[in-house]
Amino acid sequence: MTASERMKMAAGEWYTCIDPELEALRAAANDAVFEHNSLPPRRRGDIGPALAALLSGAGEGARIEAPFHCAYGFNLFLGDRVFLNAGCTILDTAPVRIGKGTMLGPNVQIYCAEHHREAAGRRAGLEIAKTVTIGDNAWIGGSAVILAGVSIGEGAIVGAGAVVTRDVAANTAVVGNPARAITRR
């Protein structure tokens, strides 16, 4: 039996993102995100109803400000009191786990997909999905970019505009492109 593209994506294997099943899942996420971003804030609450139903988990007090974008939604796990500020984009082709009390500034971007290095592979829509994990009580500054497969430890700080290409240890602050550890005072 040949594995579906969704099954290959979930298994962390190369898959073709140009696929009817994946397109349908992205369309469902787009509808949920549209509702979330369109509802008046007092009616939306912390997370729009359709988006909340799509997420794999949203802890007590988790909040997503609008506008927001995600690829699938079902790969997002938000701990208690997680806060995503306006403009966050999470391309959740793999699980994205954000620990309790973690805050993401405006326009933070999390990318789980890596595209094929060969042009022919990219033309074919080949990509591979890698999990992103952010520990409890981390702080991700505005416009930071977190790349596929990265883990950010508990209590870590990612400076505004940083591009995180490697794991960040717990209670470490990183800044720059690529992000590098700095001494905190």
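The model shown is predicted, which means the values in this text are computed figures rather than measured ones.
Judged by the 6.0 Å distance and 45° axis criteria, Arg97 is positioned over the aromatic ring of Phe77. Geometric assessment of Arg44 against the ring of Phe68 yields a negative cation-pi assignment under the 6.0 Å and 45° thresholds.
When every heavy atom of Ala94 is checked against every heavy atom of Asn75, the shortest pair comes out as O-CB, 3.3 Å. Contact between Val158 and Ala144 at its shortest, heavy atoms only, is CG1-CB, 3.9 Å. In this structure, Ala124 and Thr16 approach most closely via the heavy-atom pair O-CG2, 3.2 Å. Considering every non-hydrogen atom in both Gly141 and Val108, the closest pair reads O-CG2, 3.4 Å. A pairwise comparison of heavy atoms in Gly125 and Ile18 identifies CA-CD1, 3.9 Å as the closest pair. Contact between Tyr15 and Lys8 at its shortest, heavy atoms only, is CB-CB, 3.8 Å.
Cluster annotation: Val82 is not connected to Leu54 through the hydrophobic network of ILVMFWY side chains, with a link wherever side-chain heavy atoms come within less than 4.5 Å. Val145 and Ile140 fall into different hydrophobic clusters, defined by Ile, Leu, Val, Met, Phe, Trp and Tyr side-chain heavy atoms under 4.5 Å apart, directly or through other members. Ile128 and Leu126 fall within a single hydrophobic cluster, where Ile, Leu, Val, Met, Phe, Trp and Tyr are joined by side-chain heavy atoms under 4.5 Å apart, directly or via other members. Cluster membership for Val164 and Trp139, using ILVMFWY side-chain heavy atoms within less than 4.5 angstrom, is not shared. Criterion: ILVMFWY side-chain heavy atoms under 4.5 Å apart, direct or through other members. Under it, Leu55 and Phe83 are not part of a common hydrophobic cluster.
Under a 3.5 Å cut-off, the side chain of Arg26 and the backbone N or O of Tyr72 do not form any donor-acceptor pair. In terms of modelled atom types and a separation under 3.5 Å, the side chain of Glu154 and the main chain of Gly135 share no donor-acceptor contact. His36 contributes a side-chain N or O that, together with a main-chain N or O of Ile64, makes up a donor-acceptor pair within less than 3.5 Å. When atom types are taken as modelled, the side chain of Asn85 and the backbone of Leu104 share no donor-acceptor pair closer than 3.5 angstrom. Using modelled atom types, no side-chain atom of Asn171 and backbone atom of Ala156 make a donor-acceptor pair closer than 3.5 Å. Panel note: side chain Asp80, backbone Lys100; no donor-acceptor pair is recorded below 3.5 Å. Proximity of a side-chain donor or acceptor of Thr102 to a complementary backbone N or O of Asn137 within less than 3.5 Å is detected. Of the possible polar contacts, none joining the Asp167 side chain to the Val150 backbone as a donor-acceptor pair under 3.5 Å is found. Of the possible donor and acceptor atoms, none in the side chain of Glu65 sits under 3.5 Å from a partner among the backbone N and O of Leu84. With hydrogens and angles ignored, the 3.5 Å screen pairs a side-chain donor or acceptor of Asp19 with a backbone N or O of Leu22.
Here CZ of Arg180 is found 13.5 Å from CD1 of Ile182. Values are rounded to the nearest 0.5 Å. How far CD of Glu13 is from CD of Glu5: 10.0 Å, rounded to the nearest 0.5 Å. Atom SG of residue Cys17 and atom CE of residue Met9 lie 10.0 Å apart, to the nearest 0.5 angstrom. For the atom pair Arg122 CZ and His116 NE2, the distance stands at 9.0 Å (nearest 0.5 Å).
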Item checked: Steps toward side chain to side chain contact (heavy atoms under 4.5 Å, CB included) verdict (Leu51, Glu35) -> CA-CA 8 Å; Leu51 183 57; Glu35 178 199 69; 5.8 Å; no
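Taking a 6.0 Å sphere around CZ of Phe34, one finds it holds 12 or fewer heavy atoms contributed by other residues, nucleotides or ligands. Around the CZ atom of Arg166, the shell of radius 6.0 Å holds no more than 12 heavy atoms that belong to other residues, nucleotides or ligands. Atom NZ of Lys130 has 12 or fewer neighbouring heavy atoms from other residues, nucleotides or ligands inside a 6.0 Å radius.
Inter-residue side-chain proximity for Val174 and Ile157 is flagged as unmet; no heavy-atom pair is nearer than 4.5 Å. When side chains are defined from C-beta on, Pro67 counts as touching Asn37, because their heavy atoms get closer than 4.5 Å. Using a 4.5 Å cut-off on side-chain heavy atoms (C-beta onward), Leu76 and Cys70 make contact. Taking the side chain as every heavy atom from C-beta outward, Arg43 and Pro40 approach each other to under 4.5 Å. Using a 4.5 Å heavy-atom cutoff, the side chains of Pro49 and Leu39 are in contact.
Of the residues Val96, Asp46, Ile98, the one that meets the side chain to side chain contact (heavy atoms under 4.5 Å, CB included) test with Leu78 is Ile98. The only option from Leu91, Ile134, Asp92 that meets the side chain to side chain contact (heavy atoms under 4.5 Å, CB included) definition with Ile110 turns out to be Ile134.
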